[in-house]
Engineer: 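This is the structure, below, for whatever I ask next.
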Amino acid sequence: MRGSLTTMSGRQPAAIWLYRGMMRFRFELVPVDEVSPWGSAGSRRLHWFALTEGWFCLEMGGIELLRYTEQTMATFPREGDQAPPWVDYYVVRLWEDILHALPYILEPVPDDLAGFVAAGSTEWVDTDEVLDNTQIDAAYDSHGQRCIDTGYLRFGPVLRWWRTVDPVDTVTVAWQFSVDPDGEIAFTAPLSGRVSVGTDEFIDAVTDFDHRLFELMQQRVDRLAATGAPVGIELDTALLIQEQAERHTLLPRALAQQVGTDWDAVRAGVPILAPHQM
């Protein structure tokens, strides 16, 4: 809930290109006794989503993509001296976004369309007057289904993901930060850039993220099922147990899901939607 790339010591490079690197979803959860209940006085409640309150970042090729600068950290109160310098939000939100996009990320993009998927949308033309927009919709969807917008963060980045298989099977993530006009919110990462990792390594990173999150959440569910909610806090324990079990099935389902993008329709729509990228 911070953002930007202007630092006290000067502006960071606009982009950095890293063609190979490791990937890891890093996070910590707020201690369960310190999780903030939802609702107002007299109707305060906890649920599965709220219990994922914490901090997270995406580490790629030596870059911690969602790490705040020291100057930004100094302007915001932190929850204890040991709080990591990452964005603070509900960790499950990043997990949900990754899983929603995962089937599309893992669908290989044809070589001739990789540039369109990789590019931003700032130069797209207004197509509202086009009567038959089926092909434009196909191009728009092929781009949007591989994007994750961290708009719930102040000045957070848009992440674009795509897979290519020639000459090496890789998943690439490109990012683009918004800039805080007041210069108060800054991340340590470059304003824009991209990192590529092997597809197997990407799947391993997502699987590891899922495993660690649900291992920690199971500990919370078990504890609250045994002790009940704190005094004055509402908690549906049966629903909490059910949601833990149901959410734990979502990664295998996302990995198994097959999507069938109509790439011929995308090819027809790209020259209309993004003529400057042709």
Side-chain angles (χ1 to χ4, degrees), residues 1-3 23-59 64-68 72-73 76-102 148-157 159 187 203-255 257:
M1 292 164 292
R2 332 281 196 247
M23 178 177 291
R24 181 173 173 83
F25 296 88
R26 301 182 64 187
F27 71 92
E28 292 184 21
L29 299 181
V30 170
V32 67
D33 294 332
E34 300 175 18
V35 171
S36 303
W38 287 28
S40 56
S43 181
R44 302 170 71 215
R45 64 191 186 278
L46 286 176
H47 43 66
W48 199 95
F49 191 102
L51 288 166
T52 70
E53 183 180 358
W55 307 269
F56 57 86
C57 79
L58 177 55
E59 184 177 11
E64 289 182 301
L65 189 56
L66 298 175
R67 182 187 180 106
Y68 295 122
T72 294
M73 291 265 304
F76 287 90
R78 303 295 291 180
E79 296 84 346
D81 295 337
Q82 302 304 314
W86 309 327
V87 295
D88 50 313
Y89 200 71
Y90 301 96
V91 176
V92 70
R93 179 58 191 270
L94 177 62
W95 175 87
E96 288 177 340
D97 288 344
I98 290 291
L99 262 62
H100 179 76
L102 189 59
I148 294 176
D149 188 346
T150 62
Y152 53 88
L153 304 173
R154 291 181 62 195
F155 304 102
L159 308 175
F187 292 104
I203 294 173
D204 287 345
V206 173
T207 302
D208 175 67
F209 180 25
D210 179 87
H211 173 77
R212 288 183 290 114
L213 176 59
F214 278 89
E215 183 176 51
L216 290 176
M217 286 302 295
Q218 189 63 57
Q219 295 174 14
R220 298 187 167 214
V221 170
D222 291 343
R223 173 177 170 178
L224 289 169
T227 65
V231 176
I233 306 298
E234 299 176 10
L235 174 65
D236 187 331
T237 304
L239 182 60
L240 183 67
I241 295 171
Q242 177 184 341
E243 188 166 357
Q244 170 76 2
E246 290 178 351
R247 284 180 177 270
H248 208 183
T249 69
L250 296 183
L251 176 59
R253 289 159 59 183
L255 288 171
Q257 182 180 344

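Quick note: numbers below take in every heavy atom, side chains included, and nothing from hydrogens, waters or symmetry partners.
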Engineer: Measure the acute angle between the ring planes of F209 and F25, then classify it against the limits of 30° and 60° as parallel, tilted or perpendicular.
Structural biologist: parallel
Engineer: Within the supplied structure, the quantity of interest is the number of heavy atoms (other residues, nucleotides, ligands) at a distance under 6.0 Å from R26 CZ; does it exceed 12?
Structural biologist: yes
Engineer: When rounded to the nearest 0.5 angstrom, what is the spacing between CG in L51 and CG in L216?
Structural biologist: 12.0 Å
Engineer: Show your reasoning for whether ring pair (Phe, Tyr, Trp, His ring centres under 6.0 Å) applies to W95 and F214.
Structural biologist: CA-CA 11 Å; W95 175 87; F214 278 89; 5.3 Å; yes
Engineer: From L213 CG over to F56 CZ, what is the distance, rounded to the nearest 0.5 angstrom?
Structural biologist: 11.0 Å
Engineer: Work out which heavy atom in V35 is nearest to a heavy atom in A50; give both atom names and the distance.
Structural biologist: CG1-O, 3.3 Å
Engineer: Considering all heavy atoms of both residues, which atom of P37 and which atom of R44 are nearest to each other, and what is their separation?
Structural biologist: CG-NH2, 3.4 Å
Engineer: Please list all pairs passing the ring-ring contact (aromatic ring centres under 6.0 Å, His included) test where one or both residues lie in residues 220-242, with sequence neighbours left out.
Structural biologist: none
Engineer: So L159 and L65, do their side chains get closer than 4.5 Å, heavy atoms only?
Structural biologist: yes
Engineer: Less than 4.5 Å apart, any side-chain heavy atom of H211 and any of L251?
Structural biologist: no
Engineer: Could you measure the distance from the CD atom of Q257 to the CG atom of L102? Nearest 0.5 Å is fine.
Structural biologist: 9.0 Å
Engineer: Which atom pair, heavy atoms only, marks the closest approach of W55 to A83?
Structural biologist: CZ2-CB, 3.8 Å
Engineer: Without swapping roles, check the side chain of T249 against the backbone of E246 for a donor-acceptor pair under 3.5 Å.
Structural biologist: yes
Engineer: Shortest non-hydrogen contact from E53 to S36?
Structural biologist: OE1-N, 2.8 Å
Engineer: Taking P84's backbone N and O only, do any of them form a donor-acceptor pair with E28's side chain (distance below 3.5 Å, no angle check)?
Structural biologist: no
Engineer: Where do A229 and L235 come nearest, in terms of heavy atoms and distance?
Structural biologist: CB-CB, 3.5 Å
Engineer: On the 0 to 90° scale, with breaks at 30° and 60°, tag the H47-W38 ring pair as parallel, tilted or perpendicular.
Structural biologist: perpendicular
Engineer: Any non-hydrogen side-chain atom of L66 less than 4.5 Å from a side-chain atom of P157?
Structural biologist: yes
Engineer: Looking only at non-hydrogen atoms, find the nearest pair between V32 and R220 and report the distance.
Structural biologist: N-NH2, 3.7 Å
Engineer: Atom CZ in R247, atom CG in D210: separation rounded to 0.5 Å?
Structural biologist: 11.0 Å
Engineer: Could you check if a side-chain atom of V92 sits within less than 4.5 angstrom of a side-chain atom of W48, using non-hydrogen atoms only?
Structural biologist: yes
Engineer: As an exercise, state the distance from CZ of R93 to OG1 of T52, rounded to the nearest 0.5 Å.
Structural biologist: 11.0 Å
Engineer: Do Q218 and D222 touch side chain to side chain, with heavy atoms closer than 4.5 Å?
Structural biologist: yes
Engineer: Treating T237 as the side-chain partner and A225 as the backbone partner, does any N or O pair qualify as donor plus acceptor under 3.5 Å?
Structural biologist: no
Engineer: Could you give the distance from CD1 (I203) to CG (D208), rounded to the nearest 0.5 Å?
Structural biologist: 13.5 Å
Engineer: Is the shortest side-chain heavy-atom distance between F187 and V87 below 4.5 Å?
Structural biologist: yes
